[in-house]
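Computed from a predicted structure; not experimentally measured.
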Amino acid sequence: MPSKADTALKFSRELISMSWDPRNLYQLSRKKLFSPKQRTRFQFMWKAKRDTRGYHDANITERRWLRMFKPQLPTLNMKMGDKPKHPNTASLMYACMERRMDFIVFRSHFASSIWMARQMIVHGKVKLNGQKHPFPSHTVRDGDIVTVDPEAVVTLKPNKESKELRFSALPFQQPWMFIPEYLEVNYNTCSTVFLREPVTRPNTTEVPSPYPPEFHSLAFEYYFRRGRTRK
């Protein structure tokens with residue numbers, strides 16, 4: 001039976017995932033936002049929601065995501081005088097997911113994929129504020145500290161001559177080696193402090209994504225319309 005990672009990384013799905021796997025990098029290099037077959041507004045919105053959920057998804061059902069979805073977004077998408085314009089704030093629709101423990105472990109480069117991050121948490125390799133917390137979906141608060149067992153960190157390998165762990169880069173990890181501004185990572189202690197909720201800044205958004213803010217706005221419109229019709 002194929003693992004969840006193998007299923008998500010199938011070439012036929014044409015989705016980008018949170019993984020350093022070379023198959024994921026191949027998908028990223030060939031990704032097209034739209035195809036000539038998509039012509040209606042609804043088709044554009046559905047494609048955007050499928051692709052963005054494929055990347056930001058955390059194995060949650062559509063019903064649960066609809067409960068998490070927040071139709072109110074910060075009203076920062078404006079230009080004041082000569083200041084640069086903020087990107088479309090719809091890029092923050094998945095900001096709440098960045099508080100999850102499995103997301104923090106992956107964003108901090110302690111795991112090579114979101115699935116590996118979940119396994120580390122479930123197996124007790126990750127602590128929250130000094131206590132074991134085997135729940136990958138747990139959402140942290142501002143100032144919480146997530147600590148990982150150094151022996152479980154994917155890029156730390158034991159030295160043959162001593163018991164010390166040394167950094168060993170993995171193939172194809174370079175495109176993902178960036179740290180969001182809302183995280184403070186200490187690689188000496190293998191710990192991360194969650195500072196605050198991601199925000200938009202002039203000409204950029206803090207939520208990591210392979211898709212532009214305008215693409216997120218289509219996904220946001222899809223869920224906004226769906227949530228309104230459910231009321």
Side-chain angles (χ1 to χ4, degrees), residues 1-9 16-29 55-59 94-199 204 206-210:
M1 182 176 180
S3 65
K4 292 181 179 179
D6 290 332
T7 301
L9 292 169
I16 302 172
S17 305
M18 296 172 63
S19 171
W20 299 351
D21 193 286
R23 291 172 293 178
N24 197 42
L25 197 61
Y26 176 80
Q27 294 280 31
L28 183 63
S29 66
Y55 178 77
H56 296 279
D57 180 48
N59 283 345
Y94 296 106
C96 60
M97 306 290 286
E98 300 298 318
R99 289 184 177 272
R100 290 174 54 110
M101 286 187 60
D102 51 357
F103 275 55
I104 294 174
V105 172
F106 175 73
R107 300 290 191 205
S108 303
H109 311 142
F110 297 139
S112 61
S113 70
I114 191 67
W115 303 285
M116 181 180 183
R118 291 171 192 150
Q119 289 182 343
M120 292 166 61
I121 297 171
V122 171
H123 294 164
K125 303 297 183 180
V126 181
K127 294 181 179 180
L128 176 63
N129 297 326
Q131 301 293 328
K132 288 186 178 180
H133 203 81
F135 305 105
S137 63
H138 177 77
T139 54
V140 304
R141 299 178 179 178
D142 294 356
D144 280 353
I145 303 176
V146 176
T147 308
V148 179
D149 183 353
E151 294 185 356
V153 177
V154 67
T155 53
L156 293 181
K157 304 297 181 182
N159 191 349
K160 295 182 180 180
E161 300 178 357
S162 65
K163 296 182 179 180
E164 295 182 355
L165 297 175
R166 291 189 177 183
F167 176 80
S168 178
L170 299 181
F172 308 104
Q173 79 174 75
Q174 183 60 34
W176 317 102
M177 294 300 289
F178 57 88
I179 300 176
E181 295 188 24
Y182 50 87
L183 299 180
E184 185 176 308
V185 184
N186 188 328
Y187 290 108
N188 292 322
T189 59
C190 295
S191 61
T192 300
V193 180
F194 187 88
L195 302 176
R196 53 174 172 74
E197 189 92 358
V199 298
T204 186
E206 290 185 348
V207 177
S209 177

What I'd like to find out is whether the side chain of [X] reaches to under 4.5 Å of the side chain of [Y], using heavy atoms alone.
X      : Y      : result
Val148 : Met120 : yes
Ser17  : Tyr55  : no
Ser112 : Phe106 : no
Val154 : Leu170 : yes
Val105 : Val126 : yes
His138 : Leu128 : yes
His109 : Trp20  : yes
Asp21  : Phe172 : no

Practice problem: Let me see the working for His133 and Lys127 under side-chain contact (heavy atoms from CB on, under 4.5 Å), right down to the final yes or no. | Solution: CA-CA 6 Å; His133 203 81; Lys127 294 181 179 180; over 6 Å; no
Check this for me, if you would: do [X] and [Y] make a salt bridge, where the nitrogen-to-carboxylate-oxygen distance has to be below 4.0 angstrom?
X      : Y      : result
Asp102 : Arg107 : no
Glu206 : Arg196 : yes
Lys125 : Glu151 : no

Exercise. Would you check if there is a donor-acceptor pair between the side chains of Thr189 and Ser191 at a distance under 3.5 Å?
Key: yes
Exercise. Verify the distance criterion only: is there a donor paired with an acceptor across the side chains of Tyr182 and Glu98 at less than 3.5 Å?
Key: yes
Give me the atom names and distance for the closest heavy-atom approach of [X] to [Y].
X      : Y      : value
Ile145 : Thr147 : CG2-OG1, 3.8 Å
Leu28  : Pro210 : CD1-CB, 3.8 Å
Ile121 : Pro136 : CG2-N, 3.8 Å
Ser108 : Thr192 : OG-OG1, 2.8 Å
Pro208 : His56  : O-CE1, 3.3 Å
Tyr26  : Ser29  : O-OG, 2.7 Å

Quiz item: Measuring from Leu183:CG to Phe178:CZ, what's the distance to the nearest 0.5 Å?
Solution: 10.5 Å
Quiz prompt | From CG (Leu156) to CG (Asp149), nearest 0.5 Å | solution = 10.0 Å
Exercise. Give the C-alpha distance, both sets of side-chain angles, the deciding distance and a yes or no for side-chain contact (heavy atoms from CB on, under 4.5 Å) between Phe167 and Lys157.
Key: CA-CA 6 Å; Phe167 176 80; Lys157 304 297 181 182; over 6 Å; no
Quiz item: Checking Asn24 side chain against Ser19 main chain: does a donor-acceptor pair fall under 3.5 Å?
Solution: yes
Practice problem: Under the side-chain contact (heavy atoms from CB on, under 4.5 Å) rule, what do Phe110 and Val185 come out as? Steps first, then yes or no, please. | Solution: CA-CA 10 Å; Phe110 297 139; Val185 184; 3.9 Å; yes
Quiz item: When you look at CD of Glu184, are more than 12 heavy atoms from neighbouring residues, nucleotides or ligands closer to it than 6.0 Å?
Solution: no
Practice problem: Give the intermediate values and the outcome of salt bridge (Lys or Arg N to Asp or Glu O under 4.0 Å) for residues Arg99 and Asp142. | Solution: CA-CA 9 Å; Arg99 289 184 177 272; Asp142 294 356; 2.8 Å; yes
